[in-house]
Trainee: 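Just passing along the structure, written as structure tokens.
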Protein chains: 2
Amino acid sequence: MAADNLPSSGNADFEKIDASFQMTVRDHVHRAMRSAIISGRFAPGQKINERHLAEQFGVSTTPIKEALRQLETEGLVEALPRRGVIIKFSSSWAEEMILARAALESMIAHLAAKRIDEKGRLELQSIAKHMKEATISGDPDSLITLNERFHDHIHRSSQCGYLAKLIERQQFYDASIRRVIHLDPTERQKALDEHVAIADAIAAGDADGAERTMRDHVVRSGDTYLSIIFKKEGEI
Amino acid sequence: MAADNLPSSGNADFEKIDASFQMTVRDHVHRAMRSAIISGRFAPGQKINERHLAEQFGVSTTPIKEALRQLETEGLVEALPRRGVIIKFSSSWAEEMILARAALESMIAHLAAKRIDEKGRLELQSIAKHMKEATISGDPDSLITLNERFHDHIHRSSQCGYLAKLIERQQFYDASIRRVIHLDPTERQKALDEHVAIADAIAAGDADGAERTMRDHVVRSGDTYLSIIFKKEGEI
DNA sequence: GTGTGAAACTTGATATATCAGATTTGAAAT
DNA sequence: ATTTCAAATCTGATATATCAAGTTTCACAC
């Protein structure tokens, strides 16, 4: 309803527009290269030629160089001064990315348990409830979406911008692989149990419990991805 | 002109690049900018102009853009497509960098305790012994060097290349600040006790103990840095 | 066959030019 | 005074050119 307050200062609080809507060439190259690297389309140690890449993408070398700088900082390629960049990704690299994500995601879960408010608690439990339903019906697309919402919600509840951003960079698989995972009923059930345990711990304000369950979840599910992508078991 | 104090705002004036210096220009710019940002010579949210920066450094915009890409991936600046980059560093960002380092460094300590060999054990204890001596004599430069060797050694013992690299990017202070810290005898003693506890846990193969003591150490010493740099206490 | 080294070639690093989206400006309209 | 809107301007994004370090080639001497 129209409040009694002074005119202006509209009270329909909109979220900021996501500026990352707009696609730049360097972003496209960055994403494409990242995806290619983590799906193993480059051999570890393989040299990358800037001019060839630019030709393949049909662009100049400028955005290529920028994308390579991003990949370098992410740790997916290594730049040897005046010699070019080489691919720096293998199963052991992926294992460490899991560990990094486990460490960071459990830290953020710890903080979320401390900082979540009543509204957030309800929302979290609601997501968990929907997860139960989707697990039973077995809809993989729903599960993928819910899984994203679940972790995003925890990130927001922790009020940690930097950590959330850092975690995003520790993903070494993309949507297509996730779908495969969620097709397995056993895996679905495990993931659900873990998600419920995490949600309960966070909602109960049990920071240590949230930390522990989140860490176990990330490591275990990460190992599942590892074994599928690299056809072998990972270990902590 | 230039502000000497740490977390103030305003512009940072850089010396022109020494052309005879060998390192690549982008690397120089990256380091200089990183150092400028984490020592507060830019205000949070401040816009960065590529051309102005290029002029200050006396170089073209190409290496500037590359350095900015690196800073962006590190999370120290944010790039708004076609609008430029803004500084993304504040005390809260620094707090989160501590948490990230605590999470990662404790994970690596955990692994080091599991993977360290006899030679590594002896070397670790040797470093700890030297630390005791340097703490007593109170030589700050020695302590800084030893501190670096200590953590480096743990990183190597963990056999984790990716994690070690990731940790390096979570430092938000540089050598000059460290010196200040090590001048305080109380701080020196605390750091020593923690280092000894970490070394003992790792040498004993106590992974959980190593993890816990490392985490406590990083958080506590990080808070000390926070309080000095931002003149206020940090909290977990 | 092995080693040397200079020329030819490759390619990353840097500089400069061009393009296009974003912001500012200012005059006209209300 | 406020709004509108298009021209002027700024500036990031991209393309192209140039430079110099690194690599390869190959004739030549041993």
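Reckoned from all heavy atoms, side chains included, excluding hydrogens, waters and symmetry mates. Chain naming here is simple, since letters A, B, ... match the order of the sequence lines and numbering starts at 1 in each.
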Trainee: Hydrogens and angles aside, do A:Glu66 and A:His30 bring a side-chain donor and acceptor to less than 3.5 Å of each other?
Mentor: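 No, because no side-chain N or O of A:Glu66 sits under 3.5 Å from a partner of the opposite role on A:His30.
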Trainee: Under 3.5 Å, is there a donor-acceptor pair linking the side chains of A:Asn147 and A:His195?
Mentor: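 A pair is found: one side chain offers a donor N or O, the other an acceptor, under 3.5 Å apart.
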Trainee: According to a strict under-4.0 Å criterion, is A:Gln22 in side-chain N/O contact with OP1 or OP2 of C:dA22?
Mentor: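 So the side-chain polar atoms of A:Gln22 do come within 4.0 Å of the phosphate oxygens OP1 or OP2 of C:dA22, strictly under.
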Trainee: Phosphate oxygens OP1/OP2 of D:dA13: is one of them under 4.0 Å from a side-chain N or O of B:Lys65?
Mentor: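 Looking at the OP1 and OP2 atoms of D:dA13, one of them is under 4.0 Å from a side-chain N or O of B:Lys65.
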Trainee: With a 4.0 Å limit, can you tell me whether A:Arg69 has a side-chain N or O closer than that to the phosphate oxygens OP1/OP2 of C:dA13?
Mentor: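 It does, given that an N or O in the side chain of A:Arg69 lies less than 4.0 Å from OP1 or OP2 of C:dA13.
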Trainee: Can you find a side chain N or O atom of B:Arg82 that sits less than 4.0 Å from OP1 or OP2 on C:dA20?
Mentor: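 Answer is no, no contact under 4.0 Å.
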Trainee: Round to the nearest Å and state the distance from B:Ile86 atom CD1 to D:dG12 atom C1'.
Mentor: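 Value for this atom pair: 15 Å.
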Trainee: Tell me: CD of A:Glu50 to P of C:dT11, nearest whole Å?
Mentor: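 These atoms are roughly 11 Å apart.
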Trainee: Checking all strands, does A:Val59 fall into the base, sugar-phosphate, or nothing category for heavy-atom contacts under 4.0 angstrom?
Mentor: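 Contact class for A:Val59: sugar-phosphate only.
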Trainee: Scan side-chain atoms only and decide if B:Tyr162 and A:Gln170 contain a donor-acceptor pair under the 3.5 Å cut-off.
Mentor: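 Per modelled atom types, B:Tyr162 and A:Gln170 side chains form a pair under 3.5 Å.
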Trainee: Indicate, yes or no, whether a donor-acceptor pair under 3.5 Å links the base of D:dA15 to the side chain of A:Thr62.
Mentor: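 Check passes, donor-acceptor contact within cut-off.
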Trainee: In terms of the nearest nucleotide of DNA chain D, which residue is placed more toward the 5' end: A:Arg83 or A:Gly58?
Mentor: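 With A:Arg83 and A:Gly58 compared, the 5'-side residue is A:Gly58.
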Trainee: Around atom CD of A:Gln46, are there more than 12 heavy atoms of other residues, nucleotides or ligands at under 6.0 Å?
Mentor: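 Counting other residues, nucleotides and ligands, CD of A:Gln46 exceeds 12 neighbours.
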Trainee: Please report the distance, rounded to the nearest Å, between CE in A:Met23 and P in D:dA13.
Mentor: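 One finds 14 Å between P of D:dA13 and CE of A:Met23, rounded.
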Trainee: Whole angstrom is fine here: how far is it from CG in A:Leu68 over to P in C:dG12?
Mentor: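 My rounded result for the distance is 9 Å.
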Trainee: In whole angstrom, what separates A:His30's NE2 from D:dA13's C1'?
Mentor: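 Going from A:His30 (NE2) to D:dA13 (C1'), I get 17 Å.
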Trainee: Please state whether the rings of B:Phe172 and B:Phe89 are parallel, tilted or perpendicular, taking 30° and 60° as the class boundaries.
Mentor: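 Geometry flag for B:Phe89 against B:Phe172: tilted rings.
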Trainee: Does OP1 or OP2 of C:dT16 have a side-chain N or O of B:Arg51 closer than 4.0 Å?
Mentor: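 Looking at the OP1 and OP2 atoms of C:dT16, neither is under 4.0 Å from any side-chain N or O of B:Arg51.
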Trainee: Grab the CD-P distance between B:Glu66 and D:dT14 for me, whole Å please.
Mentor: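 Roughly 14 Å, once rounded to whole Å.
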Trainee: Checking all strands, does B:Ile64 fall into the base, sugar-phosphate, or nothing category for heavy-atom contacts under 4.0 angstrom?
Mentor: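 B:Ile64: no heavy atom of the nucleic acid under 4.0 Å.
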Trainee: Figure out the CG/P separation between B:Leu80 and D:dA13, and round it to whole Å.
Mentor: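 Atom-to-atom, B:Leu80 to D:dA13, this comes out as 9 Å.
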Trainee: Looking at every strand, decide which applies to B:Ile48 at a 4.0 Å heavy-atom threshold: base, sugar-phosphate, or nothing.
Mentor: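 Answer is sugar-phosphate: B:Ile48 comes under 4.0 Å of backbone atoms only.
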Trainee: Atom CZ of B:Arg26 and atom P of C:dA15: how far apart are they, to the nearest Å?
Mentor: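 Rounded to whole Å, this separation is 13 Å.
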Trainee: Looking at A:Ser60, I'd like to know whether one of its side-chain N or O atoms comes within less than 4.0 Å of OP1 or OP2 on D:dA15.
Mentor: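 So the side-chain polar atoms of A:Ser60 do come within 4.0 Å of the phosphate oxygens OP1 or OP2 of D:dA15, strictly under.
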